[in-house]
Asker: 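Structure in structure tokens, see below.
Computation of the quantities below employed the complete heavy-atom set of this structure, encompassing side-chain atoms and omitting hydrogens, waters and symmetry-equivalent molecules. Order of the sequence lines sets the chain letters (A, B, ...), proteins ahead of strands, with each chain counted from 1.
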Amino acid sequence: MLISGFMKYGRWEESMWYFEMNPFKNVVSWTAGISGFLKNGFSFRGLKLFLRLLESGVKPNQVTFTSVISACIETGDFELGMSVLGLIVKTGFEDNVSVCNSLITFCLRMREFDLARRVFDRMETRDVISWTAILDMYVEMGDLGEARRIFDEMPERNEVSWSAVIARYSQSGDHLEALKLFRQMVQEGLRPTVSCFSCILSTLSNVKNLQAGRNIHAHVKKIGIEGDVFISSSLVDLYCKCGDTKDGQFIFNSIKKKNVVSWNAMLGGYSMNRQTDEAKYFFDNMPTRSNVSWGIIIGGYVENKQFDKVFEVFNEMLLSGETPTKLTFSSVLSTCASVASLEKGKDIHGKILKLGFHYDVYLGTALTDMYAKSGDIESSKQVFDRMSERNEFSWTVMIQGLAESGFAEDSLSLFEEMKRSSSVAPNEFMLLSVLFACSHCGLVDKGLEFFGAMESVYGQKPKERHYTCVVDMLSRSGRLHEAEELINSMPFQPEANALAALLSGCKTYKNEEIAVRTARKLGEFAEKNSAGLVLLSNIYASAGRWVDVSNVRKLMREKGLKKSGGCSWVEVRNHLYSFYSEDGAHSKLAEIYDILELLRSEMMAP
DNA sequence: CGGCGAAGCG
């Protein structure tokens with residue numbers, strides 16, 4: 001008792017002293033020692049103690065084994081776990097429910113899902129914990145359907161089982177189902193746990209339901225768990241996601257024992273509210289950082305298109321010795337794609353290879369996309385071909401990459417290959433690429449065929465973009481009447497781009513009549529819609545009608561609209577320098593102009 | 001003395 005008493009407060013040195021001094025060690029005191037080490041994060045020492053227990057001749061019991069398996073989970077050593085399993089069988093504990101429960105968890109943490117299922121299947125009696133463990137396995141595998149089936153069929157459910165499915169629905173974006181289950185759980189008279197409250201708070205923050213979030217806030221306050229780090233971190237997240245960093249800050253400041261997650265929640269709050277400077281300041285002053293913190297700050301810069309900062313901070317991260325997460329790599333890769341920096345992309349590809357992350361579907365997809373967007377379609381294809389597993393996103397980026405790089409035929413045949421060889425269903429993005437590909441290699445009738453099949457065959461209702469693409473396709477090939485008809489038959493307002501595409505077709509094929517009608521439509525459209533105004537001004541500009549251009553620009557100013565500013569960048573010695581056409585410009589603008597002036601006078605000199 | 005759950009996100 002004394003031992004576990006000290007262990008509880010992290011004073012394991014003292015407790016071990018008592019343990020060693022105790023001449024009458026029995027299985028309970030040994031087990032207490034092992035689990036004490038575990039609770040304080042010293043699983044390896046716990047395992048060494050277990051070996052000493054075996055040497056001493058004391059027989060371990062079922063409690064010892066459950067603790068030892070937990071230690072194996074911590075160390076992540078599968079072989080070790082298997083040796084312990086051997087011992088369990090030898091000592092006849094293989095039918096003990098608790099031991100089996102911990103074995104299931106061990107197997108699923110080692111991602112040995114088949115083995116976990118075998119352990120579960122051979123159990124004669126199972127309790128709610130066994131069922132929850134196997135439920136968790138399907139949750140972990142991402143098989144939400146099977147998880148739900150298990151959940152519905154479980155003979156008994158406890159608050160942990162509910163938590164597991166609710167969390168999964170929340171994470172996979174089905175917030176409404178998560179909320180529904182939460183309500184059902186409460187109705188069935190179960191008291192949501194701390195983790196369940198924190199999970200439902202994050203669900204509410206994802207759907208930005210501030211009112212319901214406030215209600216939960218009031219409730220957790222009433223039952224006295226407001227101060228829990230999980231709860232309070234979720235609250236910080238809730239208020240920040242709803243755009244209120246001030247309230248988020250208030251909660252954050254009130255957290256007594258902040259951990260890295262609370263710090264990250266607040267950091268994310270600044271990042272997502274476009275307060276990148278505050279975020280950076282906060283980040284620089286954080287007492288604890290994890291690779292997640294780096295990921296958040298980098299993600300914030302990506303979101304705000306501050307691409308130079310992305311690389312700057314990413315380099316800093318690598319120098320600090322922190323290993324980027326897959327998410328961080330994918331943010332940085334998307335930045336490489338945005339600025340079409342092949343060199344940087346290749347560099348990062350190398351780093352990913354070194355870490356062995358290239359087997360990851362997610363990163364493989366990000367690499368495929370980066371190469372395609374940077375113009376290196378060969379490498380893009382190579383990465384894609386080597387991926388051992390491909391999901392919907394992987395196929396989408398490759399089909400899109402080929403279509404947009406001008407390899408229309410390859411894009412179309414890859415689409416056919418996907419339908420043949422994979423279980424991935426065509427989505428709206430792929431179909432858009434397919435239409436784009438048809439449009440760009442003049443396969444108008446084939447394109448129309450795909451367009452017609454979208455809803456009937458692929459179950460995808462054509463959206464504005466699809467219509468625009470087909471209008472563009474028809475206009476490019478001179479089928480102006482069909483294009484105009486399509487615009488008139490659309491079930492919604494056409495995009496300004498569709499009108500512009502038809503207009504440019506009219507210009508190419510010299511059709512004054514349709515041009516006049518379309519221009520009038522675009523004009524009407526522009527009165528309500530800023531995108532129309534921007535396009536209209538571009539069309540006037542290309543026709544050299546400068547008076548009209550200046551009228552439209554004036555209208556835009558009156559409406560407080562701004563054409564998004566131009567941006568350019570240059571890479572010098574591993575650093576990306578951005579230049580903006582309007583405000584912000586560059587901090588060394590004056591110096592740059594001075595040097596330009598100097599260069600100019602040099603050139604002018606005889 | 002023990003076994004099931006938990007935060008950042010494309």
Asker: So if I take every side-chain heavy atom of A:V63 and compare against B:dC9, B:dA7, B:dC1, which nucleotide ends up nearest?
Answerer: B:dC1

Asker: Indicate, with a heavy-atom threshold strictly under 4.0 Å, whether A:T105 touches base, sugar-phosphate, or nothing.
Answerer: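 Answer is sugar-phosphate: A:T105 comes under 4.0 Å of backbone atoms only.
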
Asker: Taking only side-chain nitrogens and oxygens of A:Q171, does any of them come within less than 4.0 Å of OP1 or OP2 of B:dA7?
Answerer: yes

Asker: Go through the N and O atoms of the side chain of A:S98 and the base of B:dG2, and report whether any donor-acceptor pair is under 3.5 Å.
Answerer: yes

Asker: Expressed as a whole number of angstroms, how long is the span from A:N96:CG to B:dG2:C1'?
Answerer: 10 Å

Asker: Rounded to the nearest angstrom, tell me the gap between atom CD in A:Q400 and atom P in B:dG10.
Answerer: 17 Å

Asker: Among B:dG2, B:dC1, B:dG5, which nucleotide has an atom closest to any side-chain atom of A:V28?
Answerer: B:dC1

Asker: Which part of the nucleic acid does A:S331 contact within heavy-atom distance under 4.0 Å: base, sugar-phosphate only, or nothing?
Answerer: nothing

Asker: Mind calculating the distance between CG (A:L363) and P (B:dC9) to the nearest angstrom?
Answerer: 17 Å

Asker: Rounded to whole angstrom units, what separation is found between the CZ atom of A:F120 and the C1' atom of B:dG3?
Answerer: 14 Å

Asker: Name the closest nucleotide to the A:V261 side chain, picking from B:dG3, B:dA7, B:dC1.
Answerer: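 So the side chain of A:V261 is nearest to B:dA7.
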
Asker: Round to a whole Å and report the spacing from CZ of A:R289 to C1' of B:dA7.
Answerer: 20 Å

Asker: Can a side chain N or O of A:R157 be found less than 4.0 Å away from OP1 or OP2 on B:dG5?
Answerer: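 Looking at the OP1 and OP2 atoms of B:dG5, neither is under 4.0 Å from any side-chain N or O of A:R157.
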
Asker: Which listed nucleotide (B:dA7, B:dC4, B:dG3) is nearest to the side chain of A:S102?
Answerer: B:dG3

Asker: Kindly assign one of parallel, tilted or perpendicular to the pair A:F106 and A:F78, based on the angle between their ring planes and the thresholds 30° and 60°.
Answerer: parallel

Asker: Using the benzene-type ring in the case of Trp, are the ring centres of A:W30 and A:F50 under 6.0 Å apart?
Answerer: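 Between A:W30 and A:F50, the centre distance exceeds or equals 6.0 Å.
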
Asker: Please report the distance, rounded to the nearest Å, between CD1 in A:I104 and C1' in B:dC4.
Answerer: 9 Å

Asker: Considering only side-chain heavy atoms of A:T66, which listed nucleotide, B:dA7, B:dG3, B:dC4, is closest?
Answerer: B:dG3

Asker: Take atom CD1 of A:I73 and atom P of B:dC4, then tell me their distance rounded to the nearest Å.
Answerer: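 From A:I73 CD1 to B:dC4 P: 6 Å.
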
Asker: Do the ring centers of A:W162 and A:F151 come within less than 6.0 Å of each other?
Answerer: yes

Asker: Does any N or O donor sit under 3.5 Å from an N or O acceptor when you compare the side chain of A:S330 with the base of B:dG10?
Answerer: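 No pair found.
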
Asker: Name the nucleic acid region contacted by A:N264, choosing base, sugar-phosphate or nothing; use a 4.0 angstrom heavy-atom cut-off, strictly under.
Answerer: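 Nothing, no nucleic acid heavy atom in range.
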
Asker: Check every strand shown and say whether A:S233 touches a base, only sugar-phosphate, or nothing at a heavy-atom separation below 4.0 Å.
Answerer: nothing

Asker: Expressed in angstrom and rounded to an integer, what is the separation of A:W30 atom CH2 from B:dG2 atom P?
Answerer: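 The answer, rounded to whole Å, is 18 Å.
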
Asker: Classify the side chain of A:D127 versus the base of B:dG3 as yes if they form a donor-acceptor pair under 3.5 Å and no if they do not.
Answerer: yes

Asker: To the side chain of A:A32, which of B:dC1, B:dG3, B:dA6 is closest?
Answerer: B:dC1

Asker: Check whether more than 12 heavy atoms from other residues, nucleotides or ligands sit under 6.0 Å from atom CD of A:E316, and answer yes or no.
Answerer: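 Above 12, so yes.
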
Asker: Quick check for you: among B:dG5, B:dG3, B:dC1, whose closest atom lies nearest to any side-chain atom of A:S195?
Answerer: B:dG5

Asker: Phosphate oxygens OP1/OP2 of B:dG10: is one of them under 4.0 Å from a side-chain N or O of A:K326?
Answerer: no

Asker: So A:V97 and A:I129, do their side chains get closer than 4.5 Å, heavy atoms only?
Answerer: no

Asker: Heavy atoms from C-beta onward define the side chain here; which of B:dC9, B:dG10, B:dG2 lies closest to that of A:F393?
Answerer: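 Shortest atom-to-atom distance from the side chain points to B:dG10.
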
Asker: Is the distance between the ring centroids of A:F252 and A:Y239 less than 6.0 Å?
Answerer: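 No, the ring of A:F252 stays outside the 6.0 Å limit from the ring of A:Y239, centre to centre.
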
